[in-house]
Amino acid sequence: MKKFLIISAFTAFAATGCDAQQTAGNDPTQEKNQVIETIMARRSIRAYKPQPVPHDVLDKILECGINAPNGMNAQQWEVRVVDSKEWLDNATAAYKKTVAGTPAEKAAADPSFVNMFRNAPTVVFIAHKPGPCTQVDCGLMAGNMVLAAHSLGIGSVCMMGPLGFFSTPEGKPYLESLQLSEGYDLLLCIGMGYADEQPAAKPRNRDVIKYIK
Ligand SMILES: Cc1cc2nc3c(=O)[nH]c(=O)nc-3n(C[C@H](O)[C@H](O)[C@H](O)COP(=O)(O)O)c2cc1C
């Protein structure tokens, strides 16, 4: 038995070592890469199934968010999660009053409109303490979250559009309910849920990339 274990351990070590050598010799850009596949497959989702994201799944997504690089690891960000249908519906009803007579009112009257957060049943709010790095920090945090979400089968959409509502008198109670610390401002929110659409990738302009000699 002892001999078998030693042989098994050696075989496992030899196989791993061999794999590592093979990987080093190959072109890594040609190999299957889950991270790159996730980045390329993620799309903004604006139609969702009604159920919110389970909290164990959400925990992983949020953990990935706070592991983003950030200036001097100061972590001057706060995250709030809302998946109460009542909160989202009431905020949306209040939002509708603020957009009366604007094109947004027409959009909100569309039969496909569920709520002001692009119809998502779970919304993650990201706030920052304004500083030289914090907008970038929060963007990287959001990037980690949407990619982690996609890798776990959760659709998402980053949004800044809904934030205007929170500085209106109608939005104030909802902003207060997020219980942000003194000095922290909402920066963006992310709608999340199970996707009910599969949008195609939007075109990207590769000309923005230049190698400098
Ligand atoms: C900072 C930021 C703000 C955004 N705000 C909104 C928004 O308010 N409403 C919306 O529907 N999408 C919003 N988006 C999503 C973009 O429209 C989307 O990422 C872009 O069109 C590219 O599409 P893709 O995410 O499917 O690749 C935002 C994205 C970012 C990064």
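Keep in mind it's a predicted model, so treat the numbers as computed, not measured. Indexing begins at 1, ligand by ligand and atom by atom, following the structure's order.
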Practice task
Any chance you could lay out the ring-ring contact (aromatic ring centres under 6.0 Å, His included) test for F125 and F117, step after step, and finish with the verdict?
Solution key: CA-CA 11 Å; F125 292 93; F117 302 101; 5.7 Å; yes
Problem - Part of R43 within contact of ligand 1 (heavy atoms, under 4.0 Å) - result: both
Practice task
From the options M40, R118, R204, select the one whose nearest heavy atom is closest to atom 10 (C) of ligand 1.
Solution key: R118
Handout entry: Closest protein heavy atom (residue, atom, distance) for atom 8 (O) of ligand 1
Key = G161 N, 2.8 Å
Handout entry: Single hit among F166, Y95, W87 for ring pair (Phe, Tyr, Trp, His ring centres under 6.0 Å) with Y174
Key = W87
Handout entry: Closest protein heavy atom (residue, atom, distance) for atom 4 (C) of ligand 1
Key = C158 O, 3.4 Å
Problem - Hydrophobic cluster membership, V136 vs L188, 4.5 Å side-chain cutoff - result: no
Practice task
Determine, using the 4.5 Å side-chain heavy-atom cutoff (strictly less than), whether V123 and L178 are members of one ILVMFWY cluster.
Solution key: yes
Exercise for the section: Name the option, out of R46, M160, K202, that contains the heavy atom nearest to atom 17 (O) of ligand 1. Expected result: R46
Problem - Under-4.0 Å salt bridge between K32 and E37 - result: yes
Practice task
Return yes when L188 approaches ligand 1 closer than 4.0 angstrom through a heavy atom, no otherwise.
Solution key: no
Handout entry: Closest approach of any protein heavy atom to atom 25 (O) of ligand 1, naming residue and atom
Key = S44 OG, 2.6 Å
Practice task
Answer with yes or no whether the side chains of Q75 and N73 bring together a donor and an acceptor at under 3.5 Å.
Solution key: yes
Handout entry: Backbone N/O of G171 and side chain of T168: donor-acceptor pair under 3.5 Å
Key = yes
Problem - Any M116 heavy atom less than 4.0 Å from ligand 1 - result: no
Handout entry: Those atoms of ligand 1 less than 4.0 Å from some heavy atom in V157
Key = 12 (N)
